[in-house]
Amino acid sequence: MKPTTPTQRKALTLLIAVVVALSATAGFAGAATTTELTVSITDDDNTIEPGETTTVEIAVANADNGVGAAELGVELSDPGVGTITDVTIPNAPGSTDNNITGGGAAADIKYAFANNSDTGSVTIVEMTVQGASAGTTDIEITENSQTGFLAVFDENGAGYTLDTIGSATLTVNTPPDADAGPDQTVDEGETVTLDATASNDPDGDSLSYSWTQTGGPDVSLSDADTANPTFPAPEVTEDTALDFEVEVTDTVGATDNDSVSVTVQLAAPAAANFQVSNLSAPSSVTEGENITVSADVENTGGQTATKSVEFRLDTDGDDSIDDEGALASQGVELAPGESTTVTFDNIDTSGLSGTLTHGVFTVDDTETAQITINEPAAADFQVSNLQAPENATQGDAIDVSAEIDNAGEQTATKSVEFRIDANGDGFGDAGDVALSQNVELAGGESTTVEFTDVDTNPLAPGTYDHGVFTEDDNATAQITVEAPPEPPGDKETTVSLQPADQTTAVGVTATYEIVVDSADGGVGAAEISVAVDDPGVAAITGASAIDANASEQVDVAADGSSVDLDYAFADTAETGSVAVATVTVEGASAGTANLSLAPTETNDEVLVFDENGAPYDVTGTDGAAVEVQAVQFLVDDLEAPEKAPVGSDVTVTANVTNDGGQAATQTVEFRLDVEGDGFGDDDDVVLSQNVQLEPGESTTVEYTDIGTGGLAPGDYTHGVFTENDSATATLSVEEAEEGPPPVGNFTDAPTDPDDDGLYEDVNGDGQFNIVDVQALFANLDDETIENYPDAFDFNGDGTVDVVDVQKLFTEYSDQ
């Protein structure tokens, strides 16, 4: 069956939309009116909370003859804020195809055969949207992503002209949590601060505040629109309660309320008294360490108060801290009878030593203890992980590094030196110091020092002790300085195949480079042969000079055992190791083969020339090896019909897996034993395709439109074959039936009521009515429709598609 084109889909949509209307009214309606699509959220303020749902309605603003069908899509601009959980089409449509996609981010909607109000605003879609997290998301009408259409039709199938496509914005918001603070008890005349700072918004929105007094003698609030308004406590004749309420509003406008009561006391209680207990501090530390000291402070008085709580240290040796200044302090507010633990963190002990009295001090009480401050261990620069070359040629610049670790506790700067015992008498001479640098390290800190470009020119060839030294430690090693090579005379070189070892697979190629190992003046020409000792394992398939502009002649042996390569006029690198050509080998069978370099058939030696035509003296050659691994393409899960009528097309699939250790490409064939003599004939190959698979990779091969028109009725063996494996089955080809079998899920075969060769009774119930039109539309891709196209080609164009549905509907309407 051909795929449905956009034009055909639109025709199909129109068809479905008018079926109901045309069943009662003859003919097609004209074009519908111009209208707009609206989007509305049923919540009054378009706002819901996370987890809460709301209904979104999409409506035709001005219907004329109802709304019978529609195709559209809906998208949320931010699916993190909300998700679509349900789509409902009101008015009981006869056919729907709705899908929620993207995890609730969008929905595709398509329906037909709806019956609703003929005029006015008509709701065509109701969607349930659930809040996910705080934020806003636009709800927009889009094209149906499956069909590419946004269209609305009246009940006669005429399309509305949409001049406006509406949208809506949904806000997901969690209301704030108001907290007016704890109830307070204050004295007459005391300034009272109300406190709503503990209020919060779960969404992180900023908050605004509005305080009102709800009970007690009137007072004047300052800054009633802040979190902390104040007022002076009025004079009272008895303990009197003042009640206040705060309304907290977030940026979306959601509110919450909380209340607080302030009791004004008649008489002033006893003064606050801050007592100190449970002093906690280390008994000894190393100078420079930071310590933490804590103590419990309790207000044993009758009034709430804020007092300074201080950490003090006896610096004058009188065992008292009353006359000392505070090293750290903090204001502490305590109600009567209230207690708290006060902690002083990160108190620096630098510059302190000996056993000292210290403690926590208030104006009312003090608790002390003693701490011993020990002198830190001296800096100790240890050396480890010396890194240096074991050999160098005289004149080379070498790099040396080592790790320096301060194993002591004091910060210090010390000299780190690289020394070479040049005269062999040990490291006592000042002249042994080649390089030095100053390094600062805190206690326990480490760093890597590097001495770069150390010159070996002053050193005669020989072996020398060297190392990295500090005043506390050292790490040494030996280096052998070798004499520089004598200047070359005649140009000598060796030739090698690189890489020396490779692994490939049967049917897979590997490439080697022919490398002139030591060029001087480039490599302009060469005559070289490459041979493989076992072409049954790997065969040479070709060779080429790397310089594409070179003139070359390549002669590959018929059995792939060797190749002769002559080339000239190449342009290469002037010096060093130079790759001049490539040789390609292909795996033939599992095993290992060796490749070697040799003279060509017309020469006695390997010939290499520089770019000026001067020859090199080739003093040796190095070959290479190749390991060929077997690759098996295994076949399983063969899927094919067990029987088919003569003249029908069948589809066969199978799973193919690379069971080897190398990527490979093999031909996978579908074979059919037409003659019943087995699969040895090339004529048995019906279809083939090349399949490339990585090791362990699997794929499904498919062979479609396999025709049975040339086969006589009978049983035929067929299957899917690779070089290594196959899977087969049997297909029974049967005489074609007089008529098509049942369509889709219908139990009865279609019939031809008017004997014109076309099967109008699609569902096989003996009648031709609107149900048959719907049955053809719903089963256009059914196997029966595809295998019996002539039975359902109502418009006679050679194919069965949506146009045939249109034609069948016309015949039904003309009855």
Checklist entry - Minimum heavy-atom separation for Gly522 to Thr572, with atom names? => result CA-OG1, 3.4 Å
Next on the checklist: Can you tell me if Glu574 has over 12 outside heavy atoms packed within less than 6.0 Å of its CD?
Outcome noted: yes
Next on the checklist: Does atom CD (Glu697) have a neighbourhood of more than 12 heavy atoms from anything else shown, all under 6.0 Å?
Outcome noted: yes
Next on the checklist: Walk me through whether Ser544 and Thr582 qualify under side chain to side chain donor-acceptor pair (under 3.5 Å).
Outcome noted: CA-CA 5 Å; Ser544 178; Thr582 60; 5.2 Å; no
Checklist entry - With no hydrogens and no angle check, is any side-chain donor or acceptor of Thr730 less than 3.5 Å from a backbone partner on Tyr716? => result no
Checklist entry - At their closest point, which heavy atom of Glu409 faces which heavy atom of Ala377, and how far apart are they? => result OE1-N, 2.7 Å
Next on the checklist: So which atom in Asp405 and which in Glu445 form the shortest heavy-atom distance, rounded to 0.1 Å?
Outcome noted: OD1-O, 3.3 Å
Next on the checklist: For a side chain to side chain donor-acceptor pair (under 3.5 Å) check, start with the C-alpha distance between Asn438 and Glu440, then their side-chain angles and the critical distance, and finish with the verdict.
Outcome noted: CA-CA 7 Å; Asn438 290 327; Glu440 181 180 6; over 6 Å; no
Next on the checklist: So Leu638 and Val652, do their side chains get closer than 4.5 Å, heavy atoms only?
Outcome noted: yes
Next on the checklist: Looking only at side-chain N and O atoms, does Ser518 offer a donor or acceptor that is under 3.5 Å from a partner on Thr493?
Outcome noted: no
Next on the checklist: When you measure from the centre of the six-membered ring of Phe427, is the NZ or CZ of Arg419 closer than 6.0 Å and no more than 45° off the axis?
Outcome noted: no
Checklist entry - So do Ile479 and Thr463 actually touch side chain to side chain, heavy atoms under 4.5 Å? => result no
Item to check | Side chains of Asn374 and Thr286, donor plus acceptor under 3.5 Å | outcome: no
Checklist entry - Any idea which heavy atoms bring Ala543 and Val554 closest together, and the distance? => result O-CG2, 3.3 Å
Next on the checklist: We want to know whether Thr101 and Asn99 form a side-chain donor-acceptor pair, criterion being a heavy-atom distance below 3.5 angstrom.
Outcome noted: no
Item to check | Exam field: side chain Glu527 to backbone Leu607, donor-acceptor pair closer than 3.5 Å | outcome: no
Checklist entry - Mind checking whether Gln553 and Tyr567 have side chains closer than 4.5 Å, heavy atoms only? => result no
Checklist entry - Looking just at side-chain N and O atoms, do Thr600 and Ser529 make a donor-acceptor pair shorter than 3.5 Å? => result no
Item to check | Minimum side-chain heavy-atom gap Val400-Leu386 below 4.5 Å | outcome: yes
Next on the checklist: Test your reading of the model: is there a side-chain donor-acceptor pair from Glu75 to the backbone of Ala105, 3.5 Å cut-off?
Outcome noted: no
Checklist entry - Looking only at atom types and distance, does a side-chain atom of Thr722 sit under 3.5 Å from a main-chain N or O of Asp725, one as donor and one as acceptor? => result yes
Item to check | Rounded distance (nearest 0.5 Å) linking atom CD of Glu675 with atom CG of Asp684 | outcome: 6.5 Å
Checklist entry - Strictly by modelled atom types, are Asp425 and Asn423 linked by a side-chain donor-acceptor pair under 3.5 Å? => result yes
Item to check | Non-hydrogen atoms of Ala412 and Phe381 that approach each other most closely | outcome: O-CZ, 3.5 Å
Checklist entry - Side chains of Asn474 and Val468: closer than 4.5 Å at any heavy-atom pair? => result no
Item to check | Asp673 side chain vs Gly678 backbone, donor-acceptor pair below 3.5 Å | outcome: yes
Checklist entry - Are side-chain N/O atoms of Asn603 and Glu605 paired as donor and acceptor at under 3.5 Å? => result no
Next on the checklist: Assess whether a salt bridge exists between Lys491 and Asp617, defined as any Lys/Arg side-chain N lying under 4.0 Å from an Asp/Glu carboxylate O.
Outcome noted: no
Next on the checklist: Could you check whether any side-chain heavy atom of Ile540 comes within less than 4.5 Å of a side-chain heavy atom of Thr584, counting everything from C-beta outward?
Outcome noted: no
Item to check | Exam field: side chain Asp533 to backbone Asn594, donor-acceptor pair closer than 3.5 Å | outcome: yes
Checklist entry - What is the distance from atom OG1 of Thr447 to atom CG of Asn406, rounded to the nearest 0.5 Å? => result 11.5 Å
Next on the checklist: I'd like to know if the side chain of Thr349 and the backbone of Gly288 have a donor-acceptor N/O pair within less than 3.5 Å.
Outcome noted: yes
Item to check | Donor + acceptor pair across side chains of Asp659, Thr657 (<3.5 Å) | outcome: no
Checklist entry - Closest heavy-atom contact between Ser401 and Thr448? => result CB-CG2, 4.2 Å
Item to check | Note, Asn658 side chain near Glu694 side chain (heavy atom, < 4.5 Å) | outcome: no
Item to check | Heavy-atom neighbours of Glu375 CD exceed 12 at 6.0 Å | outcome: no
Checklist entry - Does the side chain of Asp517 come under 3.5 Å of the side chain of Ser496 through a donor N or O and an acceptor N or O? => result yes
Please table the atom pairs, donor to acceptor, closer than 3.5 Å between any side-chain atom in residues 451-461 and protein atoms at least two apart or in another chain.
from	atom 1	to	atom 2	distance (Å)
Asp455	OD1	Asn457	N	3.0
Asp455	OD1	Asn457	ND2	3.2
Thr456	OG1	Thr393	O	3.4
Thr456	OG1	Gly395	N	2.9
Thr456	OG1	Asp396	N	3.0
Thr456	OG1	Asp396	O	2.7

Item to check | Charged N-O contact under 4.0 Å between Lys414 and Asp472 | outcome: yes
Next on the checklist: Does Thr665 form a side chain to side chain donor-acceptor pair (under 3.5 Å) with Asn690? I'd like the steps, not just the answer.
Outcome noted: CA-CA 7 Å; Thr665 300; Asn690 290 329; over 6 Å; no
Checklist entry - Between atom NE2 of His466 and atom CD of Gln478, what is the distance when rounded to the nearest 0.5 Å? => result 8.0 Å
Checklist entry - Are any side-chain N or O atoms of Asp610 and backbone N or O atoms of Val523, one a donor and one an acceptor, separated by less than 3.5 Å? => result no
Checklist entry - Do Ile528 and Ile514 come close enough that some side-chain heavy atom pair is under 4.5 Å? => result yes
Next on the checklist: Distance check, rounded to the nearest 0.5 Å: Ser589 atom OG versus Gln629 atom CD?
Outcome noted: 13.0 Å
Next on the checklist: If you take the centroid of each ring, where Trp contributes its six-membered ring, are Phe609 and Tyr616 closer together than 6.0 Å?
Outcome noted: no
Next on the checklist: Is it the case that atom CG in Asp677 sees more than 12 heavy atoms from other parts of the structure closer than 6.0 Å?
Outcome noted: yes
